[in-house]
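None of these values were measured; they are calculated from a predicted model.
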Amino acid sequence: MVRGVLPLRHHRDLVRVVVGDGAAPTALTAYDVPLLDPDGNEIPAAELPATVRRLVRHAPADRPGATDGPGVPVVPAETVRLLLDAHAAELNLTDALHAAATGIAPSADTDNQDGLVLLGFLLPDERARLYLTGSGLPDTVGLDVHLRDRDGTPISALTGLSAALPSLIANDQLQYNPSDETAPYRAEVFDLTHW
């Protein structure tokens, strides 16, 4: 269970994630998680939950010796990088759903210039139906998107669709992507699984 996510003074390229099982809140471990990959590029936000799962799953057997102010053992960034390098990323459908939802309809606290609002979602299978409303849409619509790539790997971003969606809406191009399915929630559905 994530018990805290903390900024690190003088280390804007790291975030301290404190985890522990829900049964023993005093048995905590903190990980100094890099926010940049080895090439200096930002790690996509959608990959961070999978990163924390990887760290917990492959945690070092020995408790770290260093502690933070409150006495929580800290796994330093160098050890975290070694753990991440040794174990491949393990994105799952939850990560893919999060990436799809935030890529298409960013939260209200971001620069959401397109005015799209995510109202809900449905997971009928290996895809998601995202229910949206917003500027340029006549009513609530359902957008079907894939959550896995052609190789079956969960996606970490829908960058092409995220970039094209405002134009598809503004130019009334969604009509050329109809879905054969009916939505149980009275929304017109569009098939964007080919993006």
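Of all heavy-atom pairs between His87 and Arg54, the closest is O-NH1, 2.6 Å. Residues Gly142 and Tyr131 share a closest heavy-atom pair of CA-CD2, 4.1 Å. Of all heavy-atom pairs between Ala77 and Leu14, the closest is CB-CD2, 3.7 Å. Here the closest non-hydrogen pair linking Arg129 and Val189 is NE-CG1, 3.5 Å. Here the closest heavy-atom approach between residue Ala96 and residue Leu147 is recorded as CB-O, 3.3 Å. Closest heavy-atom contact between Pro124 and Leu122: CD-O, 3.1 Å.
By the 4.5 Å heavy-atom criterion applied to side chains, Val80 and Pro34 are counted as neighbours. Side chains of Asp85 and Leu83 form no contact here, defined as non-hydrogen atoms less than 4.5 Å apart. Counting heavy atoms from C-beta outward, Leu137 and Leu174 have side chains that approach closer than 4.5 Å. Taking the side chain as every heavy atom from C-beta outward, Phe190 and Val141 approach each other to under 4.5 Å. The side-chain heavy atoms of Val15 and Val5, taken from C-beta on, include a pair separated by under 4.5 Å. A 4.5 Å side-chain heavy-atom check between Pro154 and Asp95 finds every atom pair outside the cut-off. Using a 4.5 Å cut-off on side-chain heavy atoms (C-beta onward), Leu165 and Leu116 make contact. Residues Thr133 and Asp139 form no side-chain contact, since every pair of their non-hydrogen atoms from C-beta on lies 4.5 Å or further apart.
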Given side chain to side chain contact (heavy atoms under 4.5 Å, CB included), test Leu132 with Phe121 step by step and report yes or no. CA-CA 9 Å; Leu132 303 170; Phe121 66 92; over 6 Å; no
Working for side-chain hydrogen bond (donor to acceptor under 3.5 Å, both in side chains), residues Asn177 and His194: CA-CA 10 Å; Asn177 298 279; His194 55 280; 3.1 Å; yes
Could you give me the CA-CA distance, side-chain angles and deciding distance for Leu8 and Arg16, then say whether side chain to side chain contact (heavy atoms under 4.5 Å, CB included) is met? CA-CA 7 Å; Leu8 290 173; Arg16 181 163 290 163; 3.6 Å; yes
Applying side chain to side chain contact (heavy atoms under 4.5 Å, CB included) to Glu126 and Leu93, what does each step give before you reach the verdict? CA-CA 8 Å; Glu126 297 290 309; Leu93 286 181; 3.9 Å; yes
Going through the checks in order, is the side chain to side chain contact (heavy atoms under 4.5 Å, CB included) test met by Val19 and Val56? CA-CA 8 Å; Val19 297; Val56 170; 3.9 Å; yes
For the pair Arg81 and Asp37, evaluate salt bridge (charged side-chain N to carboxylate O under 4.0 Å, His left out) and give the outcome as yes or no after the intermediate values. CA-CA 9 Å; Arg81 283 187 180 95; Asp37 68 17; over 6 Å; no
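Looking at Asp149, its side chain does come within 3.5 Å of a backbone N or O of Asp151 through a donor-acceptor pair.
Ion pairing between a basic and an acidic side chain is recognised when a charged N comes within 4.0 Å of a carboxylate O; Glu181 and Arg127 show such pairing.
When hydrophobic clusters are built by joining Ile, Leu, Val, Met, Phe, Trp and Tyr residues whose side-chain heavy atoms come closer than 4.5 Å, directly or via intermediates, Tyr31 is not grouped with Leu28. Taken together through direct or relayed side-chain contacts under 4.5 Å among Ile, Leu, Val, Met, Phe, Trp and Tyr, Val2 and Leu35 form part of one hydrophobic cluster. By the criterion of side-chain heavy atoms lying less than 4.5 angstrom apart, applied directly or through intervening Ile, Leu, Val, Met, Phe, Trp or Tyr residues, Leu118 is grouped together with Leu123 in one hydrophobic cluster. Val52 is not connected to Leu6 by any chain of hydrophobic side-chain contacts under 4.5 Å among Ile, Leu, Val, Met, Phe, Trp and Tyr, and they are in different clusters.
When Val33, Val75, Thr79 are each tested for a side-chain contact (heavy atoms from CB on, under 4.5 Å) with Leu55, only one passes: Val33. Partner of Val145 under the side-chain contact (heavy atoms from CB on, under 4.5 Å) criterion, chosen from Thr193, Leu97, Asp191, Leu130: Leu130.
Arg148 contributes atom CZ, which lies 10.5 Å from atom CD1 of Ile155 (distance to the nearest 0.5 angstrom). The structure places CD of Glu42 at 6.5 Å from CG of Leu36, a figure rounded to the nearest 0.5 Å. From Leu192, atom CG reaches atom CG of Asp144 across 7.5 Å, with rounding to the nearest 0.5 Å. Taking NE2 of His98 as the reference point, atom CG of Leu48 lies at 9.5 Å (rounded to 0.5 Å).
The environment of Asp180 atom CG is sparse: at most 12 non-hydrogen atoms of other residues, nucleotides or ligands sit within 6.0 angstrom. When the shell of 6.0 Å around CD of Gln175 is examined, it contains more than 12 heavy atoms from other residues, nucleotides or ligands.
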